[in-house]
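For reference, the structure is listed below as C-alpha cells.
Below, all heavy atoms of this structure are taken into account, side chains as well, without hydrogens, waters or symmetry copies.
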Amino acid sequence: VGQIVVEFTNVLGMKFVLIPAGTFMMGSPLNEPGRDSDEQRHKVTLTRPFYMQTTEVTQGQWQAVMGENPSHFRDCGETCPVEMVSWYDSQRFIARLNAISGARTYRLPTEAEWEYAARSGSQTALSNGILTVTGCAYDAKLDRIGWYCGNSGNKSHPVAQKQPNSWGLYDMHGNVWEWCQDWYGDYPSGPVTDPQGPASGLIRVNRGGSWWWFARFCRSANRIRYMPFDHTEDIGFRLAMTP
C-alpha cells in the first residue's frame, strides 16, 4: 500500500489537505451565543482520514470542468467561489470531474466531516475562538477568518484571502454556504461512528455561513438546509475525497 500524501494539488489547481481520523463533539453547548435547537451535542468518531479541499470550488475551476459559469458575481473573477449552484449542480460537476480524474474520486463531504474539518480541533464557536456578536456587528475573531454581513460589502470575495484554520482550510466561516452530502435531519441522541445523515429526505444540509448572513450563522456548529434544486448567489461547495 502506498503512503498517503498529506496534501496534493490536482490538474485544475484544486488543493487538498489530509484531515486525520478522530473523535470530536459535534453540535454546540447550550450556552453558545446564537445557538439553534438542532445542534444537539453528541460524540462523533470518524474512523478514516479524508481529503478536504482547502478552498471553496472557484468560478475558474467550475468553468474548466463545465464550460460555463452560473455565478451571480462573475465580475469578482476566477478566484471567487462559484455560486448559484444547486446540490444537483454540484453532483453534475463531481460526476464530470471524476470522469476526467483517473484514480481519484471526488465527492461532497458529509455533514460530520465538514464540521470536524471546520473545527480543526477547536471546541469554540469559531475555529479561532469565541464569537462575541450574533448579528452584523464587528467581531475581531470572525473578521480574521471569514466574510459575513459585517465585513463583506454585500458580495462574495476571492477565496483564501482570510486566515486558514489550523488544518489549512480557508473560508470555512463565511463567504458562501457549502453543500454537504447529507439529507437534513435530527441528530442522534448518543455517540455515532462515521455518520452519513438520514437515509432519505427532502432537504440537504448547508454549512459555513456566507457574505450575506449574520455572524452566528458562521459558527462551526450552525446548520441550515435548502431544497437540493435551490440555488442562490451565496451557495457554493467544496470537495472532499477518500484516500
Side-chain angles (χ1 to χ4, degrees), residues 23-46 56 83 86-87 108-143 145-152 156 165 169 171-192 195-228 230-238:
T23 298
F24 77 111
M25 294 303 294
M26 189 170 179
S28 61
L30 293 174
N31 63 349
E32 184 169 292
R35 181 184 193 270
D36 288 315
S37 60
D38 62 354
E39 299 171 16
Q40 179 179 353
R41 219 161 180 219
H42 60 293
K43 183 182 287 189
V44 173
T45 299
L46 301 176
E56 295 145 340
E83 19 83 8
S86 69
W87 187 90
L108 291 179
T110 66
E111 185 178 17
E113 287 174 336
W114 192 98
E115 184 171 328
Y116 177 64
R119 289 189 175 282
S120 57
S122 68
Q123 297 186 52
T124 45
L126 304 173
S127 60
N128 65 345
I130 62 171
L131 185 67
T132 59
V133 305
T134 56
C136 293
Y138 175 77
D139 184 272
K141 296 286 189 183
L142 181 54
D143 184 57
I145 58 175
W147 300 105
Y148 69 112
C149 64
N151 66 2
S152 69
S156 64
N165 69 16
L169 303 174
D171 297 302
M172 297 295 282
H173 305 279
N175 215 2
V176 294
W177 288 103
E178 300 178 15
W179 289 110
C180 292
Q181 182 62 32
D182 306 36
W183 293 110
Y184 174 84
D186 292 337
Y187 280 157
S189 56
V192 288
Q196 303 293 309
S200 61
L202 294 174
I203 43 182
R204 297 282 185 177
V205 174
N206 303 79
R207 288 301 202 110
S210 85
W211 58 266
W212 175 251
W213 290 57
F214 290 165
R216 72 182 186 88
F217 293 100
C218 296
R219 294 174 303 108
S220 295
N222 180 255
R223 323 167 68 201
I224 66 160
R225 60 272 194 189
Y226 279 98
M227 301 293 284
D230 285 338
H231 53 280
T232 76
E233 60 268 33
D234 67 341
I235 298 179
F237 64 104
R238 78 177 67 215

Determine, step by step, whether Val176 and Glu56 satisfy the side-chain contact (heavy atoms from CB on, under 4.5 Å) criterion, reporting the C-alpha distance in whole Å, the side-chain angles of both residues, the deciding distance to 0.1 Å, and the verdict.
CA-CA 8 Å; Val176 294; Glu56 295 145 340; 3.5 Å; yes
Applying side-chain contact (heavy atoms from CB on, under 4.5 Å) to Val133 and Tyr138, what does each step give before you reach the verdict?
CA-CA 7 Å; Val133 305; Tyr138 175 77; over 6 Å; no
Step by step, would you call Thr23 with Lys43 a side-chain contact (heavy atoms from CB on, under 4.5 Å)?
CA-CA 7 Å; Thr23 298; Lys43 183 182 287 189; 3.5 Å; yes
Applying side-chain contact (heavy atoms from CB on, under 4.5 Å) to Trp183 and Val205, what does each step give before you reach the verdict?
CA-CA 6 Å; Trp183 293 110; Val205 174; over 6 Å; no
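Rounded to the nearest 0.5 angstrom, Thr134 OG1 and Glu32 CD are separated by 11.5 Å. Taking OG of Ser156 as the reference point, atom CG of Asp234 lies at 9.0 Å (rounded to 0.5 Å). Taking NE2 of His42 as the reference point, atom OH of Tyr187 lies at 6.0 Å (rounded to 0.5 Å). Taking CG of Leu142 as the start and CD1 of Ile130 as the end, the distance is 12.5 Å to the nearest 0.5 Å. Atom CG in Leu202 sits 12.0 Å away from atom CZ in Arg225 (nearest 0.5 Å).
With no hydrogens or angles considered, no side-chain donor-acceptor pair links Asn165 and Asn128 at under 3.5 Å. Side chain to side chain, Asp182 and Thr110 fail the donor-acceptor criterion of an N or O pair below 3.5 Å. Of the N and O atoms on the side chains of Asn175 and Tyr148, not one donor lies less than 3.5 Å from an acceptor on the other residue. Remark: the His173 side chain and the Ser127 side chain contain an N/O donor-acceptor pair separated by less than 3.5 Å. One side chain, Ser28 or Arg35, offers a donor N or O that lies under 3.5 Å from an acceptor on the other.
The backbone N or O of Asp38 sits nowhere less than 3.5 Å from a side-chain atom of Asp36 that would complete a donor-acceptor pair. Looking only at distances, a side-chain donor or acceptor of Arg216 sits under 3.5 Å from a matching main-chain atom of Gly34. Proximity of a side-chain donor or acceptor of Arg219 to a complementary backbone N or O of Thr124 within less than 3.5 Å is not detected. A donor-acceptor distance shorter than 3.5 angstrom exists from the side chain of Ser152 to the backbone of Trp211, with no hydrogens or angles considered. Using modelled atom types, one side-chain atom of Asp139 and one backbone atom of Thr132 make a donor-acceptor pair closer than 3.5 Å.
Scanning all heavy atoms of the two residues, the minimum distance from Trp179 to Asp230 falls at CZ2-O, 3.4 Å. Shortest non-hydrogen contact noted between Gly27 and Arg119 is O-NH2, 2.8 Å. Contact between Ile203 and Met227 at its shortest, heavy atoms only, is CG2-SD, 3.4 Å. The two residues Gln123 and Arg41 have their closest heavy-atom pair at OE1-NH2, 3.4 Å. When all heavy atoms are compared, the tightest approach of Trp114 to Glu178 is NE1-OE1, 2.8 Å. Here the closest non-hydrogen pair linking Val44 and Ala112 is CG1-CB, 4.1 Å.
Side-chain contact check for Leu46 versus Glu113: some heavy-atom pair is nearer than 4.5 Å.
The pair Arg238-Asp171 does not meet the salt-bridge criterion, since no charged nitrogen lies less than 4.0 angstrom from a carboxylate oxygen. For the pair Arg223 and Glu39, the salt-bridge criterion is not met [side-chain N within less than 4.0 Å of a carboxylate O].
Ring geometry for Trp213 against Trp177 counts as perpendicular: the plane angle is over 60°, on a 0 to 90° scale with 30° as the lower cut. Under the 30°/60° scheme for interplanar angles, the aromatic rings of Phe214 and Phe217 are found to be tilted.
Pairs passing the salt bridge (charged side-chain N to carboxylate O under 4.0 Å, His left out) check and including a residue from residues 199-209, sequence neighbours excluded, read Glu111-Arg207, Glu115-Arg207.
More than 12 heavy atoms of other shown residues, nucleotides or ligands fall within 6.0 angstrom of atom CH2 in Trp87.
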